[in-house]
2 protein chains.
Amino acid sequence: MLANTTKEKIVELGRGFIQHGGYHQFNYKQIATELNIKNAAIHHYYPSKEDLGLAVIEKDKQYFEQMNKRVEDKIPMEKIEALFKIYYDYFNDGNKICIIGTFSSAYNEIPEKIQKGAKDYLELVNKWLITTFESGRKSGHFKFKGTAKDLADFWVATLTGAIQIGRIRGAGYFRQILKNLKMTLDSDC
Amino acid sequence: MLANTTKEKIVELGRGFIQHGGYHQFNYKQIATELNIKNAAIHHYYPSKEDLGLAVIEKDKQYFEQMNKRVEDKIPMEKIEALFKIYYDYFNDGNKICIIGTFSSAYNEIPEKIQKGAKDYLELVNKWLITTFESGRKSGHFKFKGTAKDLADFWVATLTGAIQIGRIRGAGYFRQILKNLKMTLDSDC
DNA sequence: TTGACTACTTACCTGTAGGTAGGTAACTTT
DNA sequence: AAAGTTACCTACCTACAGGTAAGTAGTCAA
């Protein structure tokens, strides 16, 4: 979290609060209190909650793409481990869940633009998974039956659910699911 | 939904709204409007939102147990299909998600009693899955590697995530995930 | 050194949320 | 028939949410 400016701090904190309690629970006061500024100052940077929500998705996407770049020359399994690390970090940092999960669980009652933002982000992650799975299969690092697309679709659901259920059932549960997920990359069926 | 009394209608509607928009988005006004009663009438039956939330979990549990009873003499795959039907019905009835999913995604910011209620309910579903998997394996209907517990843990995460991601990616996606989940019951690894 | 811009603050508005107190009409029990 | 109980309603309160308008202190550029 290299947030130097107030604007960056706001989006960073907003992201954390949304991952912690969800879009509807989160509010401007939480950020204002944390930064020792007034509520209205947040509106100066992000006129509406919707604007901030969108910025949070963009921020999250940025981090995801930074991770992509860091591992682009690594072997496929290291890429997957980098993805898992993101999830572990969320989990360990106050039981946060992933951004896609927060917005999907509130999907029916969020502004359209945020719906679209979440959807686009989801497709991005999904494509990254497909590419990673395919290149891993080609290089012989991964073995799995079926298409990479089907597996990626499956992973997205399981990851989203695992970090949420992990909140209730604890770290051991969460670790186990990710371990079992990984095993789907080393199997003939 | 055989809700005759106002009290039953309240909990039934509350359940729907919570599955639709989440615990924090949902409010008493929605129910009051739907039933053409005043806000205060809801407080008469459920003094606090927490009380209603707990009642909603109990209601959901009731439906789950009714399903259990209906299929207790059926073959294991029919039990699984009955579970899936619950999820399909949620999905088709206004993109609702499962109760465990709503409360897990809001887990950090819900009253302790509701946390406990959700946790207990989750363990109940989990145990039902384990039992169903084990009996299915014993009878030769299911083939899967690893323990029934591990598989049940995995299913819980995937189901929770699938119905949420399904909101974003649509019915085809959701169906595909459930289909692939089912395939884990007919595999040697 | 003036004028524009930035980064806020103060002060306020509106809507709505959950919740409560007291009343009342209708049914139910004794 | 009286007394209690149920199922609400009216009227209200408090807190807080998101949002806005107007001002101000400091920076920065011409």
Side-chain angles (χ1 to χ4, degrees), chain A residues 2-57 59 102-103 105-106 108-115 117, chain B residues 2-57 59 102-103 105-106 108-115 117:
Chain A
L2 17 74
N4 353 21
T5 67
T6 299
K7 188 170 184 182
E8 278 167 13
K9 283 177 193 162
I10 290 171
V11 72
E12 201 59 69
L13 283 168
R15 180 169 167 249
F17 286 126
I18 287 175
Q19 291 183 275
H20 180 85
Y23 183 73
H24 290 108
Q25 191 277 329
F26 138 80
N27 61 62
Y28 276 34
K29 197 82 221 136
Q30 296 173 306
I31 296 175
T33 303
E34 194 75 19
L35 291 181
N36 255 303
I37 57 176
K38 299 295 158 183
N39 218 302
I42 303 171
H43 285 284
H44 170 66
Y45 295 106
Y46 300 100
S48 76
K49 194 177 178 180
E50 181 178 337
D51 295 317
L52 181 48
L54 285 168
V56 162
I57 293 177
K59 192 75 187 172
T102 30
F103 286 118
S105 69
N108 293 335
E109 297 290 342
I110 54 178
E112 254 182 62
K113 281 182 192 170
I114 295 187
Q115 288 182 337
Chain B
L2 18 73
N4 356 19
T5 67
T6 299
K7 188 171 184 181
E8 278 167 12
K9 284 176 191 161
I10 289 170
V11 72
E12 203 57 69
L13 283 167
R15 180 169 167 249
F17 286 126
I18 287 175
Q19 290 183 275
H20 180 86
Y23 183 73
H24 291 108
Q25 191 279 329
F26 138 80
N27 61 61
Y28 276 35
K29 196 83 221 136
Q30 296 172 307
I31 297 175
T33 302
E34 194 76 21
L35 291 181
N36 256 305
I37 56 175
K38 298 295 158 182
N39 218 302
I42 303 171
H43 285 284
H44 170 66
Y45 295 105
Y46 300 100
S48 75
K49 194 177 178 180
E50 181 178 337
D51 295 317
L52 181 47
L54 285 167
V56 162
I57 293 176
K59 191 77 188 174
T102 33
F103 286 119
S105 69
N108 292 335
E109 296 290 342
I110 53 177
E112 254 183 63
K113 280 182 192 169
I114 295 188
Q115 289 182 337

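A, B, ... follow the sequence lines: proteins, then strands. Residue 1 opens every chain.
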Practice item. Measure the spacing between OH of B:Y45 and CD1 of B:I37 and express it to the nearest 0.5 Å. Key: 7.5 Å

Practice item. Answer yes or no: is there a donor N or O on one side and an acceptor on the other, between the side chain of B:N27 and the main chain of B:Q30, under 3.5 Å? Key: yes

Exercise for review: For B:I10 and D:dA7, give me the distance from atom CD1 to atom C1', rounded to whole Å.
Suggested key: 10 Å

Check your understanding: Below 4.0 angstrom, N of the basic side chain to O of the carboxylate: do B:E12 and B:R15 qualify?
Key -> yes

Point to revise | Donor-acceptor pair, side chain of B:Y28 and main chain of B:K38, under 3.5 angstrom | key: no

Review point. In whole angstrom, what separates B:K38's NZ from D:dT6's C1'?
Key: 20 Å

Exercise for review: Please check if the side chain of B:K9 supplies one atom and the backbone of B:E34 the other of a donor-acceptor pair under 3.5 Å.
Suggested key: no

Study note, to complete from the structure: Under a 4.0 Å heavy-atom criterion, the protein footprint on nucleotides 18-24 of chain C, written with B, S and -, is SBB----

**Study point:** Whole-Å distance separating the CD1 atom of A:I37 from the P atom of C:dT6
**Key:** 17 Å

Practice item. For the pair A:K49 (side chain) and A:Y23 (backbone), establish whether a donor and an acceptor sit closer than 3.5 Å, ignoring hydrogens and angles. Key: yes

Practice item. Return the value, rounded to whole Å, for the distance between atom CG of A:L35 and atom C1' of C:dT9. Key: 15 Å

Practice item. Find the distance A:H44:NE2 to C:dA11:P and express it as a whole number of Å. Key: 20 Å

Review point. Within the pair A:Y45 and C:dT6, is there a side-chain N or O less than 4.0 Å away from OP1 or OP2?
Key: no

Check your understanding: Within this structure, what is the CD-to-P distance between B:E109 and D:dA17, rounded to whole angstrom?
Key -> 12 Å

Exercise for review: Under 4.0 Å between any heavy atoms, over every strand shown, what does B:A41 touch: base, sugar-phosphate, or nothing? Just pick one.
Suggested key: sugar-phosphate

Review point. Taking atom P of D:dT6 as reference, at what distance in whole Å does atom CD1 of B:I42 sit?
Key: 20 Å

Revision key, fill the gap. Between CG of B:N36 and C1' of D:dC9 the distance, given in whole Å, is 13 Å

